[in-house]
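Single-structure report; data block below.
Just the heavy atoms: all of them, side chains too, but no hydrogens, waters or symmetry mates, feed the values below. These numbers were taken from a predicted model, which means no experiment stands behind them. Order of listing sets the numbers, starting from 1, for every ligand and every atom in it.
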Amino acid sequence: MHTERTTSKLGVIERYRDYLPVTESTPIVSLGEGTTPLVFCPRLSERVGRAVFVKNEGVNPTGSFKDRGMTVAVSKSVERGGKALICASTGNTSASAAAYAARAGISCAVILPAGKIATGKLLQAFAYGAKIVAIDGNFDDALRLVRELGQSGDFAIVNSINPDRITGQKTAAFEIVDDLSDAPDFHLLPVGNAGNITAYWAGYREYHARGCSTKLPVMLGFQAAGAAPIFYNRIVEKPETVASAIRIGNPASWKQARAAITESNGAIDVVSDEEILSAQAWLARHEGIFVEPASAASIAGLFKCCDSKEAAYSKIPAQSRIVCTVTGHGLKDPDVITAQLKELGSVPANVNDVRRAVGH
Ligand code: F0G
């Protein structure tokens with residue numbers, strides 16, 4: 001095998017090596033993840049009357065934030081001699097695990113709720129060569145099975161119950177602080193299995209403890225109204241939402257998410273499917289950032305906080321700097337938008353007809 005540097009862009013392990021559990025002898029399995037754009041959004045800022053930046057995690061190698069954790073989890077697994085990965089997933093974790101397994105030359109099994117995975121994500125897992133198993137059950141059932149299967153020692157579990165995943169994902173917080181030269185005042189993000197809010201909070205605290213920022217952000221997490229166990233403080237047996245990525249009724253990192261919210265003086269709130277889809281469309285049309293429905297929960301949450309008196313955290317001061325993480329690319333989960341797209345009739349190939357069709 002040739003041993004050139006893996007990509008022209010540093011992956012998160014190379015960029016933040018000192019903060020991650022790797023040594024010289026850890027084989028680095030990377031696809032050049034991380035270093036995603038922190039995009040200042042002028043129209044969004046105007047709409048809510050505060051400075052808003054979007055951390056666009058949809059531009060990671062497999063189109064979601066999962067790649068940050070997966071590079072660390074898969075590298076560590078290979079270092080320990082692991083030859084097979086397994087995960088439960090609502091879609092993105094499976095796409096990412098499958099890609100990094102392919103990159104490492106090991107096998108990957110993904111356990112998914114049948115009929116509930118967005119088209120793009122299922123295609124990814126298939127294309128990367130994962131063994132796909134659909135179960136008659138939801139994500140929470142799939143994760144329970146994966147925990148049991150993992151006990152045999154035959155597989156490395158690469159869900160966020162694997163601490164290497166959380167450790168990798170905390171690098172997103174480092175990048176934000178590096179880009180802004182300090183932590184933001186508020187950080188908003190979608191919450192499903194609650195690994196990401198746990199990871200961001202760990203990252204912000206660690207950077208602060210090392211003197212890289214002067215403050216810590218208030219963490220605001222948003223669940224879909226039909227899948228909001230943390231908000232309602234009870235397990236949801238049959239979670240339902242159009243945002244299939246966060247269709248989770250019993251999050252693995254529930255306690256850690258609670259701690260992040262309490263310690264940061266933050267809050268957890270809910271957004272409806274309607275609010276999610278309308279925020280998704282708004283962000284695409286006004287800022288040119290196309291995200292999947294689950295990702296738009298952070299934008300829907302921002303609108304709710306800034307517009308309504310009822311939101312769990314409605315007092316974001318006007319001079320605040322806000323970061324919203326959008327977690328996955330819009331092309332992964334195209335079904336709702338596809339249904340809105342009318343069939344395109346064609347026009348004759350001449351300037352007059354085309355001009356008329358354009359409407360100018
Ligand atoms: N946004 C997207 C696009 C996701 O795929 C997920 C989780 C989340 C937000 C929530 O993150 O679970 O750390 O709170 N997706 C997992 C999966 C569950 O299997 O892909 P979380």
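- Ranking protein heavy atoms by distance to atom 8 (C) of ligand 1, first place goes to I246 CG2, 3.6 Å.
- At the top of the distance list for atom 12 (O) of ligand 1, counting protein heavy atoms only, stands N193 N, 2.7 Å.
- Nearest protein heavy-atom neighbour of atom 1 (N) of ligand 1: T327 OG1, 2.6 Å.
- Distances shorter than 4.0 angstrom occur between a heavy atom of A194 and an atom of ligand 1.
- Both the backbone and the side chain of S89 come within 4.0 Å of ligand 1, counting heavy atoms alone.
- Here the heavy atom of the protein found nearest to atom 20 (O) of ligand 1 is T93 N, 2.8 Å.
- Looking only at heavy atoms of the protein, atom 16 (C) of ligand 1 is closest to K66 NZ, 2.8 Å.
- The protein heavy-atom contact nearest to atom 18 (C) of ligand 1 is T90 OG1, 3.5 Å.
- If you take CE on M70 and OG1 on T93, they are separated by 5.5 Å, rounding to the nearest 0.5 Å.
- Under the salt bridge (Lys or Arg N to Asp or Glu O under 4.0 Å) rule, D164 has a single partner from R68, K76, K170, R80, which is R80.
- Residue contacts with ligand 1 do not include N159, since none of its heavy atoms lies under 4.0 Å from the ligand.
- For atom 4 (C) of ligand 1, the closest heavy atom belonging to the protein is A245 CB, 3.6 Å.
- The side chain to side chain contact (heavy atoms under 4.5 Å, CB included) test with L143 is passed by exactly one of N159, N138, I111: N159.
- For E274, the CD atom is loosely surrounded, since the number of other residues' heavy atoms within 6.0 Å does not exceed 12.
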